[in-house]
Amino acid sequence: MPDRSGNGRPGDHRETFRASAGPREQARPGFGSVGWALAGAAGVAALAVLGAQRLDPPKRGRTQETDAANGWSDEPEVKYSITIERPADVLYRVWRDPETLPRIVAFLAEIRPSGEGRSEWRADGPLGQSHAWVMQITEDRPGELIRTSSDGGGLVTECEIRFRAASGDRGTVATLRIRFDPPGGMLGDVAARFFDSVVPKALASKALHAFKSLVLTGEIPTTDRQPAARRDPR
Amino acid sequence: MRALYWNGVNDLRVGTVKDPEIVNPRDAILRVKLSTTCGSDLHFIDGYIPTMKAGDVIGHEFMGEVVEVGPAVRRVKKGDRVVVPSFIACGECWYCQEKLFSLCDCTHPKPELQEPLLGYPTAGIYGYTHAFGGYAGSHAEYIRVPHADVDCFKVPEGVADETALFLSDAAPTGYMGADFCDIRPGDTVAVWGCGGVGLMAQQSARLLGAERVIAIDRFPERLRMAREHAGSETLDYTQVHSVLEALKEMTGGRGPDACIDAVGMEAHGTGPQYAYDRVKQALRLETDRGQALREAVMACRKGGTLSVLGVYGLIDKFPMGVIMNKGMTVRTAQQHGQAYMDQLLAHAAKGELNPAYLATHRFSLEDGPRGYDMFKHKTDGCVRAVFAP
């Protein structure tokens, strides 16, 4: 079974979040993007949050989608694109392989393909909560698009991958759109508990980088099972 | 196996950890023969770079013997004596095809940690923070090397282990820094820093055709190495009123054609600017003390090249106006070692580049923390502490 690639032991989560308040409280006018570099003591989550918040100062007239894309937000949809140096039909074939999605989103959910475009998703929270739901391919255009939608419940209600030719003969742009429908509140709050403190946009980035590696090299970079002087070595 | 790991800020320990294993098909496992300290390690040891976790095995400059290969490895064989560049490259993506190996798009297991900081994730690196991938490092008896066919380079017979060791990082970093300078006959290149990378940059500048190389540091034994091994003219910055004036004087008022910063974020210096950086860094208002970089910008001739090899986070008072008004070219990167390895191995085999003299102090792995302490404080003229696990 694929491992969840977390950022520490489950018990670390609350500590990481508490710590993340530190540098933000210390931030002063003019402090600017220095925030991220000072997050040393605050841990990985703080780094990601500070990065998202401080390196992207509010701009006038930006769309709701951009708000969601930049980090914590109650806008339940994220979109991310990556350029992969292979033709669209190759990317489509790899994405359509039932073994691919379970591998590239292993950090987010455990996925079991159950045939005929259906897959069973399950996400476990650190405090013993667990959510299971079913996703079904609802639109399939070879070489172009695959859309998967949930049967109603579930943390992820829609997952769509779209392929188009990249400019400059540089392969194919793969755009992943994920729609979340977290039970019981703000997406950020739920994502914080369920997805190892990673901002929603980062989930799509992580999945697409893993997809790119898989397509180009046949494997996904990992720190699983490596040596380290702690319980979870990743 | 035994390994040297980071347990917290200024707290290194040696302990027993599990052996690495083949995880992906293109992996190889190396028995580490030699592994060395690097100045960039000091940044996270001292706590200036975040995203270390207690228990991380550190070290990214190493060579060893292949003891096991994954099912997709074709070129590399068990028993090969190899050197491995610090940054892990896949060889397949656009960046690798362009020979920008440290920017590889496919080897970072945790891109979500680095993307908010840099805009885009880089390649992963061994033993150097989770923002850079969180891979286990080389100060250990064994190490897993992903994409072995791309990243393991067979060391020719006649090239000693201690020479090959530095082709992992110090030599390719220095060579790349000199390559960035587009050296033309008659050029003068000034290099700030006479540590491993600085000395390698000086020798490389010579190999690439510089007529004069000027080395800037404050330690007599390092300046001596610069003279004896790299044929550099030397400048002890503590003995001059102004590095700018001294360099102007040495170059007929013209300035060096290219300036290489091989110092980075923990620069030492003199005068009020250094005091300013010390205070701001201590208060965590900037991560970097940037005096060497600022000097290099100022001293470089009009239209010259600034080649930055030092590691930086966020620097204060960066003189962008000087760069702009003098029409300078700035080039910088983490090392693209795979792009230079064939040339470096050829230079090493011909005896034109022998970095073994950098290995001033040798330790067992068990003595690793003491080795880092001597390296950090430059005790007994330590340039590099080398571990033989």
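As a basis for the values below, the full set of heavy atoms in this structure was taken, side chains included, without hydrogen atoms, waters or symmetry mates.
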What distance separates B/Q114 CD from A/S205 OG, expressed to the nearest 0.5 Å? 10.5 Å
Here the pair of heavy atoms bringing B/C106 nearest to A/S213 is O-OG, 3.0 Å
Can you say whether B/D19 sits under 4.5 Å from chain A via the side chain, the backbone, both, or neither, judging by heavy atoms? backbone
Euclidean distance, A/R86 CZ relative to B/E92 CD, rounded to 0.5 Å: 6.0 Å
Would a distance-only check, ignoring hydrogens and angles, find a side-chain to backbone donor-acceptor pair under 3.5 Å from B/K18 to A/R225? yes
Report which part of A/Q226 has an atom under 4.5 Å of a heavy atom belonging to chain B: side chain, backbone, both, or neither. both
If one checks every heavy atom of B/A3 against chain A at 4.5 Å, the contacting part turns out to be neither
Most contact-rich option vs chain A, by heavy-atom pairs under 4.5 angstrom, among B/A54, B/G91, B/A72, is B/A54
Ignoring hydrogens and geometry, is there a side-chain-to-backbone donor-acceptor pair from A/E219 to B/R26 under 3.5 Å? yes
Check each atom of B/Y5 against the heavy atoms of chain A and say whether the ones under 4.5 Å are side chain, backbone, both or neither. side chain
Given A/P221, which of B/P109, B/C90, B/P146 fulfils the side-chain contact (heavy atoms from CB on, under 4.5 Å) condition? B/P109
Turns out that what part of B/M1 lies under 4.5 Å from chain A's heavy atoms comes down to side chain
Counting C-beta onward and ignoring hydrogens, is there a side-chain heavy-atom pair between B/K110 and A/T223 closer than 4.5 Å? yes
Any chance CD of A/E99 has more than 12 other-residue heavy atoms, nucleotides or ligands included, within less than 6.0 Å? no
Would you mind checking which part of B/I22 comes under 4.5 Å of any heavy atom in chain A, side chain (CB onward), backbone (N, CA, C, O), both or neither? backbone
Looking only at heavy atoms and a cut-off of under 4.5 Å, which of B/G137, B/P121, B/G133, B/C104 has the most pairs with chain A? B/P121
Could you check if a side-chain atom of A/Y80 sits within less than 4.5 angstrom of a side-chain atom of B/E115, using non-hydrogen atoms only? yes
Under 4.5 Å from any heavy atom of chain B - which part of A/I84: neither
Among B/G124, B/P25, B/G15, residue most engaged with chain A (heavy-atom pairs, under 4.5 Å): B/P25
If you look at every heavy atom in A/D224 and B/V23, which pair is closest and at what distance? O-CG2, 3.7 Å
Which heavy-atom pair separates A/K212 from B/D105 by the least distance, and what is that distance? NZ-OD2, 2.6 Å
Flag yes if more than 12 heavy atoms outside A/Y92 fall under 6.0 Å of its OH atom; otherwise flag no. yes
CG of B/N24 to OG1 of A/T217: how many Å apart, nearest 0.5 Å? 7.5 Å
To check you understand the geometry: which heavy-atom pair defines the closest contact between A/A229 and B/V17, and what is its length? N-CG1, 3.7 Å
